[in-house]
Amino acid sequence: MFVLASASPARLRVLRAAGVDPVVQVSDVDEDAILDALPAATPATEVVSALARAKAESVAATPEIAALADRSAPVVLIGCDSMLHLGDRLLGKPHTPERALEQWREMRGAQADLLTGHHLMRLDGGSGAHATGTSSTTVRFADATDEVIRQYVASGEPLGVAGAFTLDGLGGWLVAGIDGDPSSVIGIGLPLVRGLIERVGLSVTDFWH
């Protein structure tokens with residue numbers, strides 16, 4: 001069994017397209033509280049990893065998921081978190097049109113690194129094995145006009161996604177290119193997850209349907 005500790009429909013689509021049909025259990029962690037508790041000098045990769053780990057551990061502690069620890073069949077749980085590293089800032093979901101517009105005016109014609117933290121836990125047999133990693137993919141943004149940016153923000157899509165853009169939606173029109181793993185930009189890096197699964201003593205083929 002594969003448990004996805006995320007409400008992201010994009011992550012779910014990536015996993016299903018790759019042959020994994022996960023159980024979805026959404027975490028209730030306070031991301032802002034976690035960020036506030038981190039030292040100011042925490043590296044960007046460690047920030048997204050800390051958020052991913054908090055989400056995974058929160059879901060693992062729920063009664064429904066904790067009960068899976070006694071299963072003999074393989075069970076893993078993964079938490080993920082993505083942020084855009086633009087200049088010296090880490091940007092998550094803008095939430096408001098005003099912030100999304102401001103961010104896109106800075107992003108257009110520029111490039112930034114989309115960071116996705118992954119924390120994977122093995123739950124079966126009480127092994128307690130876990131593994132953490134971060135994907136980093138450079139994204140080059142198109143030099144979009146004010147009107148295109150305005151209409152994109154008006155669509156509502158960028159408000160609830162990390163970095164205020166998607167690769168697999170309307171935002172794909174505004175991405176000039178990427179250097180790295182496309183699946184990690186969507187929200188869950190398949191090459192990295194395969195490696196994390198192997199680090200806890202399993203194979204990705206254990207979860208193919």
Open item on the list: Could you check whether any side-chain heavy atom of Phe165 comes within less than 4.5 Å of a side-chain heavy atom of Val185, counting everything from C-beta outward?
Closed with: yes
- [ ] To the nearest 0.5 angstrom, please state how far the OG atom of Ser58 sits from the CG atom of Asp28.
- [x] 4.5 Å
Task: Point-to-point distance, once rounded to the nearest 0.5 Å, from CG of Leu84 to CG of Asp113 - done: 8.0 Å
- [ ] State yes or no: do Leu91 and Leu101 share one hydrophobic cluster built from I, L, V, M, F, W and Y residues joined by side-chain heavy-atom distances below 4.5 Å, directly or via other members?
- [x] yes
Task: Side-chain touch Arg13/Asp168, heavy atoms, less than 4.5 angstrom - done: yes
Task: Heavy-atom closest pair, residues His85 and Ala112 - done: O-CB, 3.4 Å
Task: Least distance between heavy atoms, Leu115 atom then Ser136 atom - done: CD2-OG, 3.4 Å
Task: Minimal non-hydrogen separation, Ser49 against Gly133, with atom names - done: OG-O, 4.2 Å
Open item on the list: Closer than 3.5 angstrom, by distance alone: can the side chain of Glu157 be matched with the main-chain N or O of Leu170 as a donor-acceptor pair?
Closed with: yes
Open item on the list: Test your reading of the model: is there a side-chain donor-acceptor pair from Arg122 to the backbone of Val200, 3.5 Å cut-off?
Closed with: yes
Task: Check: Lys55 side chain, Val29 main-chain N or O, donor-acceptor pair, under 3.5 Å - done: no
- [ ] State whether the side chain of Asp124 and the backbone N or O of Val75 hold a donor-acceptor pair below 3.5 Å, judged by distance alone.
- [x] yes
Task: Gap between atom CD of Glu57 and atom CG of Leu77 - 0.5 Å precision - done: 10.0 Å
- [ ] May I ask whether Leu114 and Met83 are part of the same hydrophobic cluster, defined by side-chain heavy atoms of I, L, V, M, F, W, Y residues being less than 4.5 angstrom apart, directly or through others?
- [x] no
Task: Check against side chain to side chain contact (heavy atoms under 4.5 Å, CB included), Leu4 and Val20 - done: CA-CA 10 Å; Leu4 176 63; Val20 176; over 6 Å; no
TODO: Report the distance from atom CZ of Arg194 to atom CD of Glu198, rounding to the nearest 0.5 Å.
DONE: 6.0 Å
Open item on the list: To the nearest 0.5 Å, what is the distance between CG on Leu86 and CD on Gln111?
Closed with: 10.0 Å
Task: Test item: Val23 and Phe2 side chains (from C-beta on) under 4.5 Å apart, heavy atoms - done: no
Open item on the list: Assigning hydrophobic clusters by single linkage (Ile, Leu, Val, Met, Phe, Trp, Tyr; side-chain heavy-atom cutoff under 4.5 Å), is Leu196 placed with Trp208?
Closed with: yes
Open item on the list: Just so I know, are the side chains of Ile149 and Tyr152 near enough to count as touching, which here means a heavy-atom distance under 4.5 Å?
Closed with: no
Task: Trp104 ring center near Phe141 ring center (under 6.0 Å) - done: yes
TODO: Could you pull out the closest heavy-atom pair between Ser6 and Arg11, with the gap in Å?
DONE: OG-NH1, 3.0 Å
- [ ] Answer yes or no: is there a side-chain heavy-atom contact under 4.5 Å between Leu167 and Pro182?
- [x] yes
Open item on the list: Tell me which one of His119, Glu46, Arg53 satisfies side-chain hydrogen bond (donor to acceptor under 3.5 Å, both in side chains) with Thr132.
Closed with: His119
Open item on the list: In the structure I gave you, are the side-chain heavy atoms of Leu159 and His95 within less than 4.5 Å of one another anywhere?
Closed with: no
Open item on the list: Quick check: closest heavy atoms across Val48 and Ser82, and the distance to 0.1 Å?
Closed with: CG1-C, 4.5 Å
- [ ] Would you kindly confirm whether Val161 and Ile178 end up in one hydrophobic cluster when ILVMFWY residues are joined by side chain heavy atoms under 4.5 Å apart?
- [x] no
TODO: Could you check if a side-chain atom of His118 sits within less than 4.5 angstrom of a side-chain atom of Ser135, using non-hydrogen atoms only?
DONE: yes
TODO: Determine whether Val24 and Leu51 fall in the same hydrophobic cluster, where Ile, Leu, Val, Met, Phe, Trp and Tyr are linked whenever their side-chain heavy atoms lie under 4.5 Å apart.
DONE: no
Task: Positive for side-chain contact (heavy atoms from CB on, under 4.5 Å) with Leu15, one of Val193, Leu190, Asp21 - done: Leu190
TODO: Output the distance between atom CD1 (Ile186) and atom CG (Asp181), rounded to the nearest 0.5 Å.
DONE: 8.5 Å
- [ ] Determine the minimum heavy-atom distance between Ala52 and Gly117, stating which atoms define it.
- [x] CB-O, 3.4 Å
Open item on the list: side chain to side chain donor-acceptor pair (under 3.5 Å), that's the test. Do Thr116 and Ser184 meet it? Break it down for me.
Closed with: CA-CA 6 Å; Thr116 298; Ser184 71; 5.3 Å; no
Task: Arg99/Glu102 ion pair, N-O < 4.0 Å - done: no
